[in-house]
Amino acid sequence: MLDIQLFRNDLNDVAKRLTKRGFALDSEKFVKLEAERKTIQSRTQELQAKRNSSSKLIGQAKAKGEDVSVIMADIANLGDELKQLEAKLESVQQALNGFLSDIPNMPHESVPEGKSETDNVEVRRIGKIPSFSFEVKDHVSLGETLGGLDFETAAKISGARFSLLRGPLARLHRALAQFMLDTHTEQHGYIETYVPYLVNAASMRGTGQLPKFEDDLFRVPRMMGEEGEKNFYLIPTAEVPVTNMVRDEIVALEQLPMKFVAHTPCFRSEAGSAGRDTRGMIRQHQFDKVELVQILHPEQSYAGLEELLSHAEAILNKLELPYRVVKLCSGDMGFSAAMTYDIEVWLPAQNTYREISSCSNFEAFQARRMQARFRNSQGKTELLHTLNGSGLAVGRTLVAVLENNQQPDGSVRIPEVLRKYMGGMECLMR
RNA sequence: GGAAGAGUGGCCGAGCGGUUUAAGGCACUGGUCUUGAAAACCAGCGAUGGGAAACCAUCCGUGAGUUCGAAUCUCACCUCUUCCGCCA
């Protein structure tokens, strides 16, 4: 959520900056709602003040044993009017809040302008693209050759967009996650966390998945009371539970920066992705990811983003996978982000780079929704900044490892750093 | 699932219809004292919204209700603690 003060102070500027990311702000609606809010709020508060002072007078008069009927008569009808006004104010404030909740974050000044991913800017390419003297196989056929990558059984058990791993491939998947966690905790200073995979609606609102993107989520009904929040949601990323650790908290300055890493499954409905990446395990309803989250002082957030990006890159470097870093243009960024770098890994079978990590600075956008604050050096509360990035998507990393390390006979060389997690195995073969 | 108890500012904790304008303490900030520090003493110190400011409003787990007036009374729900049952 953006700061409502920005809208009050310079609506045109906000509208202009949002246009950059392809969002058309309904300025008129804001002006109207805000004017309504102001009128109703001041009238409401006026009546509340009158009620308060009259009630106090009654109390004092009664204590002295005086007659209170005159004061009582004076405010006889106040209650009804107040009740109506309070209800009205509540609904206007909700409308205003809903209006703000649907507005995406504003891109940082340095974000390149653009409409789609074709306008993204390549920052650097690292690693040498492997050349093969034979026809390269994609991970699906490599899985067939090796055995242990089974989409048919997964489809039987669950449906499309699920995968099932067996044997050494399943172990390699686990090895990747272990390796990532160990690297981030031992070398990059992150605290390992284990978090819930089912979260409430408030958490989803906090990080920006709700109210706008409910279709992307799996909702788990909860048969409980008549009222209240009856649903759990499966997390689409560990960003949600981890970032929400600071929701409704005021943390001490000394606790910053906070750096957390979590390995979790991620669940996405992939609504609207029909027909995209249907082959293989590139786009699944369920996949594992090691996620990096940083909670920071506002002045440190952009340095933090570069650092976090380098942590994700370190994994690719150690795995000897070629990749490139791309800075997303204004039109391609996610709803809550102010700046995003994507890391794309080289996939030989597709002869292209594919996203394997996305690292974003949300500035105070999520923190404002979450009321996540710290006490600054003046002792005042101030909103935190939040960052997160994949470090990395485990399934896609598995795909990249398989495809980039394939041998003419269909076997796969295991990268040096993973071997200790594979019981010393150097090669996957049938 | 059953029973009992409890949720109050950054933390602890009093308050159970009207000087609560949320006591008191801890922590924190400033000051006095001191070579410096500690201690002691003095003062300040919650959050959110509105307002240029004075100031006003809201907030005592959440939501409804009763009342001129609710932290306080009523109802529902949530969370936590203890005990019982079940269970990986």
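Atoms considered below: every heavy atom in the structure, side chains included; atoms not considered: hydrogens, waters and symmetry mates. Every chain is numbered from 1 and lettered A, B, ... according to where its sequence line falls, protein lines coming before strand lines.
Comparing B:rU19 with B:rC75, their P atoms sit 25 Å apart, to the nearest whole Å. If you take atom C1' in B:rU74 and the same atom in B:rC16, they sit 14 Å apart, rounded to whole Å. Only the P atoms considered, B:rG9 is 13 Å distant from B:rA23, to the nearest whole Å. Taking atom C1' in both B:rC45 and B:rG31, one finds a spacing of 15 Å when rounded to whole Å.
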What donor-acceptor contacts under 3.5 angstrom involve side-chain atoms of residues 334-342 of chain A, with partners at least two apart or in another chain?
{"from": "A:Ser336", "atom 1": "OG", "to": "A:Thr207", "atom 2": "O", "distance (Å)": "3.4"}
{"from": "A:Thr340", "atom 1": "OG1", "to": "A:Ser360", "atom 2": "OG", "distance (Å)": "2.8"}
{"from": "A:Tyr341", "atom 1": "OH", "to": "A:Glu306", "atom 2": "OE2", "distance (Å)": "2.7"}
{"from": "A:Asp342", "atom 1": "OD1", "to": "A:Ser358", "atom 2": "OG", "distance (Å)": "2.8"}

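Looking only at side-chain heavy atoms (C-beta outward), A:Val326 and A:Val123 stay at 4.5 Å or farther from each other. Side-chain contact between A:Leu176 and A:Tyr421 is absent, with no heavy atoms from C-beta onward closer than 4.5 Å.
In this entry the distance linking CD of A:Gln45 with P of B:rC56 reads 11 Å, nearest Å. In this entry the distance linking CD of A:Gln94 with P of B:rG49 reads 17 Å, nearest Å. Look at CG on A:Asp248: it is 12 Å from C1' on B:rA47, rounded to the nearest Å. Taking atom CG on A:Asn52 and atom P on B:rA71, their separation rounds to 10 Å, with Å as the unit. The nearest whole Å value for the distance from the CD1 atom in A:Ile58 to the C1' atom in B:rC68 is 4 Å. The nearest whole Å value for the distance from the NZ atom in A:Lys38 to the P atom in B:rA57 is 19 Å. When the P atom of B:rG49 is taken as reference, atom CG of A:Asn97 falls 12 Å away, rounded to whole Å.
As judged by a 4.0 angstrom heavy-atom cut-off over every strand, A:Arg43 is placed among residues making no nucleic acid contact.
Between A:Ser42 and B:rG49 there is no side-chain N or O to OP1 or OP2 distance below 4.0 Å. Put simply, A:Arg375 has no side-chain N or O that comes within less than 4.0 Å of OP1 or OP2 on B:rU29.
Helical stems in RNA chain B, defined as runs of 3 or more consecutive Watson-Crick or G-U wobble pairs with donor-acceptor distances under 3.5 Å: B:1-7 with B:78-84, B:10-12 with B:24-26, B:28-32 with B:40-44, B:46-50 with B:55-59, B:61-65 with B:73-77.
Tested against A:Glu34, the residues A:Lys32, A:Lys38, A:Arg37 include a single salt bridge (charged side-chain N to carboxylate O under 4.0 Å, His left out) partner, A:Arg37.
A salt bridge is absent between A:Asp332 and A:Arg21; no separation between the charged side-chain nitrogens and carboxylate oxygens falls under 4.0 Å.
Between the side chains of A:Glu291 and A:Tyr190, not a single donor N or O lies within less than 3.5 Å of an accepting N or O. Residues A:Arg247 and A:Ser203 bring a donor and an acceptor atom of their side chains to less than 3.5 Å of each other.
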